[in-house]
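First the proteins, then the strands, lettered A, B, ... as listed; each starts at 1.
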Amino acid sequence: MPIPADWPTTEAEALAEQERLRPLVEPTGAASSVPVGDERLIAGVDVAYDDERDLVVAAAVVLDRATLAVVEEATATGRIAFPYIPGLLAFREIPAVLDALDALTHRPGTVVCDGYGLAHPRRLGLASHLGVLTGLRTLGVAKTPFTFDHLPPGPDRGDRTPLTDPATGEEVGSAVRTRAGVKPVFVSVGHRIGLTEAVETTLALTPHYRLPETTRHADSLCRRALAALTASGATVATSDVN
DNA sequence: GCGACAG
DNA sequence: ATCTTGTCGC
């Protein structure tokens, strides 16, 4: 997986990069694309920050798609590459995420991201951006509606309603009830996957909890890794893996 | 200009 | 994202 050499520094550069990458997104299902990784494996990625020390820790956790058992975990540490600007989240998270994915010995067929894919002001959210950069199949599962509209899904697990972009009226994803009596999650296409398959994948990853097992493991891992760094007062170079 | 705004 | 206590319920 490619490591970003000339990562955008300014908002203008980031916007231009999104315009360049946006036509490269493949919003199509598995049947039409050649598998890049092992289809039996699915990974989750997440990132934790320490703004005070300018530190970022990313985690990538690979699960067995059938049993949801953890197959492998990896982390990567670095300096924060970009400020948080709504719509430009990918530039903040992806550098560390790429390092964490590179640290894996397994090659997952699919990667689940914390955030959005096509559901994005310019149709290039974190999940789609990561997919285009790596060629991997990706989808986004977000916890809040961001700038999109939706009606509350039915009360049962699996119930869903369209997520729409008020600016264009387009359907950009689904609000999905992954657990009865709990707030929905917001699923969108990342890369090389269709919305139906993205929703099915999300449901397969949420047998017990609101959030996908992939996300839960990655979130827990990057937080623990960051806490461990802080506790040991370790010095961090430009980037460290594992 | 004001408010909203993935993580 | 992160800062933070107790509390209700399975």
Side-chain angles (χ1 to χ4, degrees), chain A residues 8 11 14-15 17-18 21-22 25 44-60 75-98 100 111-132 138-150 157 163-168 170 172-176 178-191 195 198 202 207-212 214-231:
Chain A
E11 186 164 347
L15 290 170
E17 178 70 347
Q18 289 186 332
L21 298 179
R22 104 192 261 190
V25 176
V45 292
D46 196 16
V47 177
Y49 301 93
D50 181 338
D51 290 298
E52 295 298 290
R53 309 173 64 181
D54 192 37
L55 288 182
V56 52
V57 176
T75 61
T77 301
R79 321 315 292 260
I80 298 177
F82 206 84
Y84 172 66
I85 300 173
L88 300 179
L89 176 64
F91 297 96
R92 181 170 171 83
E93 307 224 321
I94 286 185
V97 166
L98 288 176
V111 177
V112 182
C113 298
D114 229 343
Y116 285 106
L118 287 185
H120 177 273
R122 291 167 294 281
R123 303 294 176 269
L124 195 81
L126 170 63
S128 298
H129 196 140
L130 181 67
V132 169
T138 62
L139 62 138
V141 180
K143 300 181 285 295
T144 66
F146 194 19
T147 60
F148 306 106
D149 294 331
H150 73 286
R157 166 176 154 79
L163 184 69
T164 58
D165 185 339
T168 64
E170 262 179 291
V172 294
S174 292
V176 181
T178 54
R179 187 178 171 173
V182 173
K183 289 187 301 181
V185 296
F186 305 91
V187 179
S188 61
V189 166
H191 186 59
L195 184 55
T202 299
H208 304 305
Y209 301 100
R210 177 187 180 230
L211 298 179
T214 41
T215 300
R216 300 182 68 250
H217 280 106
D219 178 74
S220 145
L221 178 56
C222 65
R223 288 195 205 213
R224 278 181 283 126
L226 180 62
L229 268 186
T230 301

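G140(A) comes within contact range of no nucleotide atom at all, as no heavy-atom separation falls under 4.0 Å. Within the 4.0 angstrom heavy-atom criterion, only backbone atoms of the sugar-phosphate kind lie near D46(A); the bases stay farther away. In this structure, A48(A) reaches the sugar-phosphate backbone alone: every heavy-atom distance under 4.0 Å involves primed, P, OP1 or OP2 atoms, never a base. Among the heavy atoms of the strands lying under 4.0 Å from Y84(A) is at least one base atom, whether or not backbone atoms are also near. Contacts of L88(A) with the nucleic acid, taken as non-hydrogen atoms under 4.0 Å apart, include base atoms.
Rounded to whole Å, atom C1' of dA1(C) lies 19 Å from atom CZ of F91(A). For the pair D54(A) CG and dT2(C) C1', the computed distance is 16 Å after rounding to whole Å. Atom pair Y209(A):OH and dG9(C):P shows a separation of 19 Å (rounding to whole Å applied). Taking atom CD1 on I94(A) and atom C1' on dA6(B), their separation rounds to 13 Å, with Å as the unit. Here the C1' atom of nucleotide dA4(B) and the CG atom of L89(A) are 16 Å apart, to the nearest Å. Between the CD1 atom of I80(A) and the P atom of dA1(C) there is a distance of 14 Å, given to the nearest Å. Distance, F82(A) CZ to dG7(B) P: 18 Å, rounded to whole Å. Rounded to whole Å, the distance from CG on D165(A) to P on dA6(B) is 14 Å.
Ring geometry for Y116(A) against F186(A) counts as tilted: the plane angle lies between 30° and 60°, on a 0 to 90° scale.
Checking dG7(B), dT2(C), dC5(B) against every side-chain atom of R223(A), the shortest atom distance belongs to dT2(C). Of all nucleotides listed (dT2(C), dG7(B), dC5(B)), dG7(B) comes nearest to the side chain of K143(A).
R216(A) contributes no side-chain N or O that, together with a main-chain N or O of L211(A), makes up a donor-acceptor pair within less than 3.5 Å. Put simply, the side chain of R92(A) never gets that close to the backbone of I85(A): no donor and acceptor are under 3.5 Å apart.
Taking the six-membered ring for Trp, F91(A) and H129(A) have ring centres closer than 6.0 Å.
A sub-4.0 Å separation between OP1 or OP2 of dA6(B) and a side-chain N or O of R92(A) is absent. Put simply, T144(A) has a side-chain N or O that comes within less than 4.0 Å of OP1 or OP2 on dG7(B).
Between the side chains of Y49(A) and E93(A), at least one donor-acceptor pair of N or O atoms lies under 3.5 Å.
Considering V189(A), V111(A), T202(A) in turn, T202(A) is the only one that fulfils the side chain to side chain contact (heavy atoms under 4.5 Å, CB included) rule with L139(A).
Helical stems in DNA chain C, defined as runs of 3 or more consecutive Watson-Crick or G-U wobble pairs with donor-acceptor distances under 3.5 Å: none found.
Considering CG of L126(A) and CG of L88(A), their distance stands at 12.0 Å, rounded to 0.5 Å.
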